[in-house]
Amino acid sequence: MSSVSPIQIPSRLPLLLTHEGVLLPGSTMRTSVDSARNLQLVRSRLLKGTSLQSTILGVIPNTPDPASDAQDLPPLHRIGTAALAVQVVGSNWPKPHYTLLITGLCRFQIIQVVKEKPYPVAEVEQLDRLEEFPNTCKTREELGELSEQFYKYAVQLVEMLDMSVPAVAKLRRLLDSLPREALPDILTSIIRTSNKEKLQILDAVSLEERFKMTIPLLVRQIEGLKLLQKTRKHKQDDDKRVIAIRPMRRITHVSGALADEDEDEDNDDIVMLEKKIRTSSMPEQAHKVCVKEIKRLKKMPQSMPEYALTRNYLELMVELPWNKSTTDRLDIRAARVLLDNDHYAMEKLKKRVLEYLAVRQLKNNLKGPILCFVGPPGVGKTSVGRSVAKTLGREFHRIALGGVCDQSDIRGHRRTYVGSMPGRIINGLKTVGVNNPVFLLDEVDKLGKSLQGDPAAALLEVLDPEQNHNFTDHYLNVAFDLSQVLFIATANTTATIPPALLDRMEIIQVPGYTQEEKIEIAHRHLIPKQLEQHGLTPQQIQIPQVTTLDIITRYTREAGVRSLDRKLGAICRAVAVKVAEGQHREARLDRPDAAEGEGCKEHILEDGKSSPVSDTTDLALPPEMPILIDFHALKDILGPPMYEMEVSERLSQPGVAIGLAWTPLGGEIMFVEASRMDGEGQLTLTGQLGNVMKESAHLAISWLRSNAKKYHLTNASGSFDLLENTDIHLHFPAGAVTKDGPSAGVTIATCLASLFSGRLVRSDVAMTGEITLRGLVLPVGGIKDKALAAHRAGLKRVIIPQRNEKDLEEIPANVRQDLSFITASCLDEVLNAAFDGGFTVKARPGLLNSKL
């Protein structure tokens, strides 16, 4: 009979040393070349050769190539495969290497290594050409039986796969067209056997031995596929697909020896997921989408990336609270008590929450309101949102929006993107597990905008009661009802919120606290919290209300209470050091001395005396309890006062007035200073002023120039033209702070009137209001915050526009008692109230009648 392979290979072959895989005759393999000798082989033989013979290599398996030329060749495997290099691909990153595509031709045996450098070359003997069927009838019959048996198992294995796949159909045709003697090598390379098993097939030079070693491998694969099909018997025959053949465990006759536990677990999870979808209470549209996706998931191989994405999507759909909600606590009296215990003042907020509860009692399906708390930092906007949720008995979830500049944070990513996930709204609902929580959208005024979209525009759908019952997240792609969610947004200012978004929210102003309110908050909430955090008790430290007032007026100047909380924390830390040192000293004292010290301490406590932390006491004894925090202790702990009452000193010369400004941090007093010098009639403005403020200054100087004769205002030379040979410089201190707005008009006019008249403005008066060219005073905003700022600064008189008189009702009663509010409709009234004795109009001389 003819030889198995008619190809005649050269008697000398260059050797390619590999250790990753085994190349069998008739199969194709890719191998990486990065060692010294193999690189020389590729460069010298394959890249420079021009004949077909130069592309034939000898592939030696299970033999690593040394890293350098200086090392000797390792022992070579005896049997190799002659191969044809079909493709060479090279790259220099991260280091020079080549990737070869090689096809096996036939086996060969190494007779002698001719040379080792620059690459090994050996004399070889072709083995497959020598293999022929023996002439004896007995051996021929045995090989014929083995060949038929092998062919039967090969056909059975291929027919278990999906014949509609082109690769499977081509393999079936090859079984009939190729010689039987070539089939063992080809099928062994197709089924994913181990390298050790492939090496055994390569070493089997005898055809009989090769058939005998390959048949058990085919049987093992057939049994594995049968077991796999049995575990998936619930699937229909038309769902059959090509299964990636992988190494199976060796089959034994023990029942149940092979089981794919991982696939069983995945199948169980899919069954459980399908059961959850059937029993969930999601809407019909979402249920249809889930049923469609679970059908796709069943047909999808687990190795596909979309498998994990689809499974995560279905798990999210099942976990969302489509119809699960909590029951509101509608007891208005209990709610009022709870709100009063958690927060002092904030009457508007409490009133709005109680109104919602009252309407909720009368109407069950009331939509959740969209509230926006606007106020300076530290006044409790975020904490009151948590108290609202506690009052209603609802779940609470906070979403920080500061710095968010991608609309996908709100609406989610589409599932076509890698790493897609739902937006923060849907994630929050999944976290709380109910569909009627309290969502706090913190810092909604600090949203950004970028190339990824405008998140403020994405919030329009979320915060619109007419639309959010049908909110569609990009990831879910089905509608979700947000109408039962109570949204509470917080902001420091409404100036940076887009008008369309602002229109959808109910604005509730949260002003700063008065000094009396801060004292109450400190003693009700802040001091007990700090004592608990520092492990102190009221028997160890006492902070009188006078001390708290000193901290508020001399060490903090803010609308909220955050700085006050930090100062109280610093005091508690200083006292904790004293208490800890005292306990350490007590432990070191002898028992009689310790008992005497206890007696002294009890005597002091009975007498009601206490020791300031700054007193010089005997260092051998622990400090006397409780430690009283007075003004001297404050100076030792917090340092010298940061703020002093400097109003009277600043108004000691003409050309200075006090204005009132509103900032996102609360109200502030603002000094305006003016001076004049010889010049060319120029007006200089400094202090980082905005355009509106600059225009107010020009309005004020124009009004004064037009009324200079009326009020007898002259420049340095006595002329009624105030800018004749005179330059005016207006400065607004705190030059590093940007300032803008129309409310400084009356202050600038008063400051310039003081400069040109030479009279001092009253040191206890502050003012605010916009002016016109005709001298009218127009209303401005932020009256309550400005009044609180004047009250903090110790002023007694505040001049406001007459049309702002209605805003005085919002000011606390104690502040209204301490301040004298004067309303003005024109600049004449402002000037009369700002100067002692008024700003009188000079009487014009009588006119003589003409006799002509």
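Atoms considered below: every heavy atom in the structure, side chains included; atoms not considered: hydrogens, waters and symmetry mates.
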So among Glu770, Gln802, Arg803, which one has a side-chain contact (heavy atoms from CB on, under 4.5 Å) with Pro779?
Arg803
Give me the ring orientation class for Phe720 and His712: parallel if the planes are under 30° apart, tilted from 30 to 60°, perpendicular past 60°.
perpendicular
Between [X] and [Y], is there a side-chain N and carboxylate O pair less than 4.0 Å apart?
X: Lys350; Y: Asp340; result: yes
X: Asp721; Y: Arg705; result: yes
X: Asp565; Y: Lys529; result: yes
X: Lys348; Y: Glu810; result: yes
X: Asp442; Y: Arg398; result: yes

Around [X], counting heavy atoms of other residues, nucleotides and ligands shown, do more than 12 lie under 6.0 Å from its [atom1]?
X: Lys449; atom1: NZ; value: no
X: Lys390; atom1: NZ; value: no
X: Arg524; atom1: CZ; value: yes
X: Glu809; atom1: CD; value: no
X: Glu355; atom1: CD; value: yes

Pair Thr738, Gln688: side-chain N/O donor-acceptor within cut-off below 3.5 Å
yes
In short, Leu463 meets Pro465 closest at the heavy-atom pair O-CD, 3.5 Å
Quick check: do Glu461 and Arg411 have side-chain heavy atoms less than 4.5 Å from each other?
yes
Can a donor-acceptor pair be found, under 3.5 Å and without considering hydrogens, that links the side chain of Thr556 to the backbone of Leu564?
no
Salt bridge (Lys or Arg N to Asp or Glu O under 4.0 Å) between Arg797 and Asp764, worked out
CA-CA 6 Å; Arg797 177 179 290 187; Asp764 61 347; 5.8 Å; no
